[in-house]
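Residue numbers start from 1 in every chain, and the chains themselves are labelled A, B, ... in the order their sequence lines are given, proteins ahead of strands.
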2 protein chains.
Amino acid sequence: MSGTAAAAVSEVGTPGNMGDVRRSNLALVLGKVVQSAAGVHLTRAQIAAGTGLTKASVSSIVLDLLDAGIIREVGLSRQGERGRPGVGLELNPSRGVMGMEINVDYISAGVTRLSGDLVVHEIQERDNRDSSDAAVMSALAELTAGVRGAAAAKDVEVLGGGLAVPGLVEAGSSMVTVAPNLGWVNTKLDVNRLLPGVPLGVSLFNEANAAALAELAHGPQELRDFLFVSGEVGVGGGLVIGSELFTGPEGNAGEVGHIVVDPAGTPCSCGGTGCLETIAGQDAIFAAAGIEAKARSRSESMSDLLAALAAGSPSALLAVQRAGASLGVAVASTSRVVNVRAVVLGGHFAVLDQWLRGPLLESLAKYAPGLLSPEDVSASTVGEAGALLGAAGSVVRALVEAPYRLQA
Amino acid sequence: MSGTAAAAVSEVGTPGNMGDVRRSNLALVLGKVVQSAAGVHLTRAQIAAGTGLTKASVSSIVLDLLDAGIIREVGLSRQGERGRPGVGLELNPSRGVMGMEINVDYISAGVTRLSGDLVVHEIQERDNRDSSDAAVMSALAELTAGVRGAAAAKDVEVLGGGLAVPGLVEAGSSMVTVAPNLGWVNTKLDVNRLLPGVPLGVSLFNEANAAALAELAHGPQELRDFLFVSGEVGVGGGLVIGSELFTGPEGNAGEVGHIVVDPAGTPCSCGGTGCLETIAGQDAIFAAAGIEAKARSRSESMSDLLAALAAGSPSALLAVQRAGASLGVAVASTSRVVNVRAVVLGGHFAVLDQWLRGPLLESLAKYAPGLLSPEDVSASTVGEAGALLGAAGSVVRALVEAPYRLQA
DNA sequence: CTATATAGTTCAAGCTATAAACTAAGTCGC
DNA sequence: GCGACTTAGTTTATAGCTTGAACTATATAG
């Protein structure tokens with residue numbers, strides 16, 4: 001978990017009162033508990049020293065957090081230290097959140113504890129292309145009910161959930177503006193139906209954004225500003241700046257799939273010309289490599305591509321090489337515009353890392369010399385469950401930043 | 001002035017206390033005073049109604065602001081309204097800030113009141129290319145001393161200042177990382193020397209960023225998210241998102257001059273290839289138009305270009321057309337990455353607006369259809385003094401968001 | 001068993017916002 | 001010209017929160 005607890009006050013533009021101070025410090029203390037390394041349990045005194053709050057304030061705040069069931073006390077084993085031993089604090093392991101994902105050919109659900117570790121995880125193959133959104137949601141509701149039961153059996157109560165979908169979303173209104181590969185347009189999802197009765201409700205996320213947040217939470221500590229590039233049928237992206245998802249004024253920032261990488265290129269499904277997606281999207285790579293895109297299972301086509309690459313197929317190698325070079329152009333421009341200096345490759349870009357990497361780095365050296373070095377380009381560490389973990393992690397993070405939502 | 005007062009609390013990660021609430025509400029109240037339209041003076045009661053604070057709190061806060069000399073009371077003339085008349089409040093017109101600019105062929109300084117209107121303004125032609133930074137700073141210090149005196153004669157006391165330079169800056173350490181057209185590299189400026197004894201000190205800004213902020217403050221109200229593209233010898237940019245300058249993790253976001261617009265293009269001074277600057281920078285346009293770039297005065301070359309365009313010179317028209325088209329590619333990609341939907345053209349792009357506009361819009365329609373419509377592309381309204389006004393405005397804005405810095 | 005050291009709690013004090021009562025200063029109606 | 005009314009701003013009592021100091025609790029060292 002990354003959990004940078006912010007001294008958040010009430011909405012900008014509204015008066016502040018003493019309750020805001022309490023809420024801010026509540027988040028500050030909880031943030032310390034979250035930050036503590038796995039297995040290390042901070043005491044009230046250590047939190048006081050670490051935050052600058054007095055012991056009195058910390059005690060009072062910890063009491064609130066215990067009452068809310070967010071944290072719990074845990075005995076501490078010390079050896080040979082003088083003085084009264086402190087009482088360790090940790091996130092309540094019997095509270096968790098549900099991460100869910102709807103993708104083109106599967107739905108999945110899993111429960112993580114507040115600490116981020118996965119307790120239950122189920123994937124169900126399902127062709128969602130020709131289903132109505134209602135049918136997909138029904139299937140997912142059934143899946144989550146089972147997963148929720150399995151978590152309960154392991155003594156983990158689900159407080160809320162996050163759903164990731166491969167499309168642009170309006171988080172506030174649970175609206176999927178457009179999900180090309182699902183065929184959804186302005187589709188309003190009744191997300192709360194997936195987890196009836198949970199105190200924190202269910203939030204909606206873009207898949208690439210969720211995967212980026214998973215990378216933030218589960219990847220290396222020092223990774224706080226990066227561009228996550230997700231290669232699927234389309235090419236998505238998530239921009240993390242200062243450990244925060246940067247969504248831009250309309251919520252769709254980081255959509256690198258439609259950066260212009262070849263002004264003289266071919267038309268894109270978005271109506272534009274020469275977009276990255278027309279060269280580095282899965283369909284584009286398969287087509288250029290001479291591999292039949294199998295509607296039934298993309299993973300089959302991907303296996304074919306990997307086999308062709310391993311066999312040294314010139315067309316396959318060229319296709320991937322061209323994708324890598326174009327990705328480099330897009331990343332170079334992005335790093336200029338938003339001034340990030342790290343890139344994480346996800347989806348098929350992670351799978352194809354060993355072939356993509358060379359051309360990508362060459363391209364970066366040519367178009368943005370000195371900005372990104374080889375060690376700034378990494379492949380995603382979270383893998384397939386990324387979107388799910390990110391969606392769940394986001395919900396946890398929102399709770400950590402506003403723990404008072406669970407009080408009373 | 002835009003002045004969106006934020007409910008800002010102390011640094012993230014530090015404990016909040018009641019003083020933070022005070023500071024937050026201080027900024028909230030002052031923000032209301034700033035927002036009020038020119039000539040309209042809000043009363044305490046109106047501020048209470050507008051912010052949600054009680055009259056008692058507003059009275060107490062207003063007293064602090066009066067004591068600090070940031071605002072003052074002003075008699076209100078009403079006609080035929082019942083009840084006790086309120087006392088109007090306005091920004092203290094006898095307090096101001098200094099905006100300063102160092103550019104390639106001039107230095108300038110001006111003082112604005114806290115309300116944003118320019119009281120004194122002086123430009124001094126000076127070729128800074130071959131001067132040491134110390135010599136330039138000495139010349140500027142002399143200029144500011146005179147301007148400060150002139151402002152004092154008009155009863156405006158200078159509280160602080162902002163200096164804009166055409167290069168990348170580290171605001172915190174007053175360091176100019178690189179200013180290619182001045183020949184400066186890692187140059188530390190003793191900015192406080194420019195305004196000895198002012199309570200708020202002097203801050204350093206990138207020129208394009210400052211111009212963008214001036215556009216935010218002095219341009220249309222609804223302009224809150226936009227890309228400002230500044231055409232000078234180089235091509236700079238400033239990104240405003242949610243009425244805030246977005247600088248990215250390393251402070252240099254919005255540098256659209258080095259977006260790749262032609263992967264098969266020519267080398268750029270940055271070491272890259274096919275950057276926007278190689279096609280749309282002043283030198284590139286002059287060269288393509290067959291106009292001699294005069295070292296002594298760029299404005300002369302610009303006059304020649306305008307004359308050539310007016311005379312219908314094919315090479316000049318083609319040069320500008322190509323610049324516009326490339327600008328379109330860069331803007332299209334930027335709007336994808338950061339999801340902004342408005343562009344403001346500054347510098348020579350504003351001057352060449354009538355010739356650039358067509359190719360730019362065509363290019364946008366081709367590469368980012370539906371994202372930006374013609375009315376989303378505008379030319380800068382602030383003109384030459386933009387950088388200076390923006391630097392000054394930033395200082396004012398920082399004060400409005402943290403007025404307690406002037407207390408005691 | 002006493003001295004010491006550290007953890008955590010209790011309690012008075014200070015600051016801030018709130019709500020209600022109160023004072024101030026106008027207009028309206030007769 | 002005087003009282004009723006209306007709105008602005010101040011005063012006062014109250015509650016919430018952090019702070020700092022005093023105090024209690026619980027361990028180790030000798």
Side-chain angles (χ1 to χ4, degrees), chain A residues 7-10 14-29 32 41-67 71 73-89 403-404 407-408, chain B residues 7-10 14-29 32-33 41-66 71 73-89 403-404 407-408:
Chain A
V9 160
S10 56
T14 62
N17 55 31
M18 296 125 310
D20 292 327
V21 174
R22 182 60 161 198
R23 284 186 278 278
S24 161
N25 288 336
L26 217 43
L28 181 64
V29 168
K32 272 282 176 231
H41 303 298
L42 295 177
T43 65
R44 290 170 176 78
Q46 288 169 328
I47 292 173
T51 58
L53 288 163
T54 60
K55 289 190 295 175
S57 296
V58 173
S59 278
S60 153
I61 287 167
V62 161
L63 206 63
D64 279 5
L65 293 173
L66 287 170
D67 282 348
I71 64 176
E73 296 189 323
V74 50
L76 231 54
S77 56
R78 315 180 310 163
Q79 52 242 37
E81 286 171 66
R82 317 214 329 187
R84 169 176 167 178
V87 179
L89 299 169
Y404 51 89
Q407 292 180 310
Chain B
V9 159
S10 55
T14 62
N17 55 31
M18 295 126 311
D20 293 326
V21 174
R22 182 62 160 197
R23 285 186 278 279
S24 160
N25 288 336
L26 218 42
L28 181 63
V29 168
K32 272 281 175 228
V33 175
H41 302 299
L42 295 178
T43 65
R44 291 169 175 78
Q46 288 168 329
I47 292 172
T51 58
L53 288 162
T54 60
K55 288 191 294 175
S57 298
V58 172
S59 278
S60 155
I61 288 167
V62 161
L63 205 64
D64 280 5
L65 293 173
L66 287 170
I71 63 175
E73 296 188 325
V74 50
L76 230 54
S77 56
R78 314 182 310 161
Q79 52 242 35
E81 284 169 69
R82 323 225 312 200
R84 171 177 167 180
V87 178
L89 298 169
Y404 53 90
Q407 292 180 308

> Does the Asn17(A) side chain pair with the main chain of Asp20(A), one donor and one acceptor, at a distance under 3.5 Å?
Replying inline: yes

>> Quick check: do Val33(B) and Ile47(B) have side-chain heavy atoms less than 4.5 Å from each other?
In response: yes

>> In whole Å, I'd like the distance from the CG atom of Asn17(B) to the P atom of dG16(D).
In response: 19 Å

>> I'd like to check Leu26(A) versus Leu65(A) (side-chain heavy atoms, cut-off strictly below 4.5 Å). Are they in contact?
In response: yes

>> Any side-chain to backbone donor/acceptor pair from Asn25(A) onto Pro15(B)? Under 3.5 Å, distance only.
In response: no

>> Measure CG/Leu63(A) against P/dC17(D) and give the value in whole Å, please.
In response: 13 Å

> Pick one: which of Leu89(A), Thr51(A), Leu53(A) meets side chain to side chain contact (heavy atoms under 4.5 Å, CB included) with Lys32(A)?
Replying inline: Thr51(A)

>> If the condition is salt bridge (charged side-chain N to carboxylate O under 4.0 Å, His left out), which residues does Glu81(B) pass it with, not counting sequence neighbours?
In response: none

>> Can a donor-acceptor pair be found, under 3.5 Å and without considering hydrogens, that links the side chain of Asp64(A) to the backbone of Ile61(A)?
In response: no

> Can you list the residues that meet the side-chain hydrogen bond (donor to acceptor under 3.5 Å, both in side chains) rule with Ser60(A), with sequence neighbours excluded?
Replying inline: Arg22(A)

> Who passes side-chain hydrogen bond (donor to acceptor under 3.5 Å, both in side chains) against Ser59(A), sequence neighbours left out?
Replying inline: none

> Which nucleotides of nucleotides 20-30 of chain D have their base under 4.0 Å from a protein heavy atom (B), which only their sugar-phosphate (S), and which neither (-), written as one string 5' to 3'?
Replying inline: B----BBBSS-

>> In whole Å, I'd like the distance from the CG atom of Asp64(A) to the P atom of dT18(D).
In response: 9 Å

>> Holding to side-chain contact (heavy atoms from CB on, under 4.5 Å), I want the full list of residues that pass it with Leu66(A), two or more places apart in sequence or in another chain.
In response: Arg44(A), Val62(A), Ile71(A), Glu73(A)

> More 5' along DNA chain C: Arg22(B) or Gly86(A), using each one's nearest nucleotide?
Replying inline: Gly86(A)

Nucleotides 1-3 of chain D: which of its N/O atoms have a protein N/O under 3.5 Å away?
none

> Mind checking what makes side-chain contact (heavy atoms from CB on, under 4.5 Å) contact with Ala56(B), not counting sequence neighbours?
Replying inline: Thr54(B)

>> Is the phosphate of dA17(C) approached by Asn25(B) (side-chain N or O, under 4.0 Å from OP1 or OP2)?
In response: yes

>> Please report the distance, rounded to the nearest Å, between CG in Leu28(A) and C1' in dC17(D).
In response: 15 Å

> Sequence neighbours excluded, which residues qualify as side-chain contact (heavy atoms from CB on, under 4.5 Å) partners of Thr43(B)?
Replying inline: Ala45(B), Gln46(B), Leu76(B)

> For DNA chain D, which residues in residues 42-51 of chain A have a heavy atom at a distance below 4.0 Å?
Replying inline: none

> Closer than 4.0 Å, any side-chain N/O of Ser57(A) to the OP1 or OP2 of dT19(D)?
Replying inline: yes

> Does any pair with a residue in residues 45-57 of chain B pass salt bridge (charged side-chain N to carboxylate O under 4.0 Å, His left out), and if so which ones, sequence neighbours excluded?
Replying inline: none

> Expressed in angstrom and rounded to an integer, what is the separation of Leu53(B) atom CG from dT18(C) atom C1'?
Replying inline: 10 Å

>> Please report the distance, rounded to the nearest Å, between CG in Asp20(A) and P in dT18(C).
In response: 10 Å

> Over how many whole Å does the gap from Ile61(A) atom CD1 to dT19(D) atom C1' extend?
Replying inline: 12 Å

>> Considering every strand and a 4.0 Å limit on heavy-atom distances, what is the contact class for Val87(A): base, sugar-phosphate, or nothing?
In response: sugar-phosphate

> For the helix from dC1(C)-dG30(D) to dC30(C)-dG1(D), how many degrees between its two end axes (five pairs per end), to the nearest 10°?
Replying inline: 10°

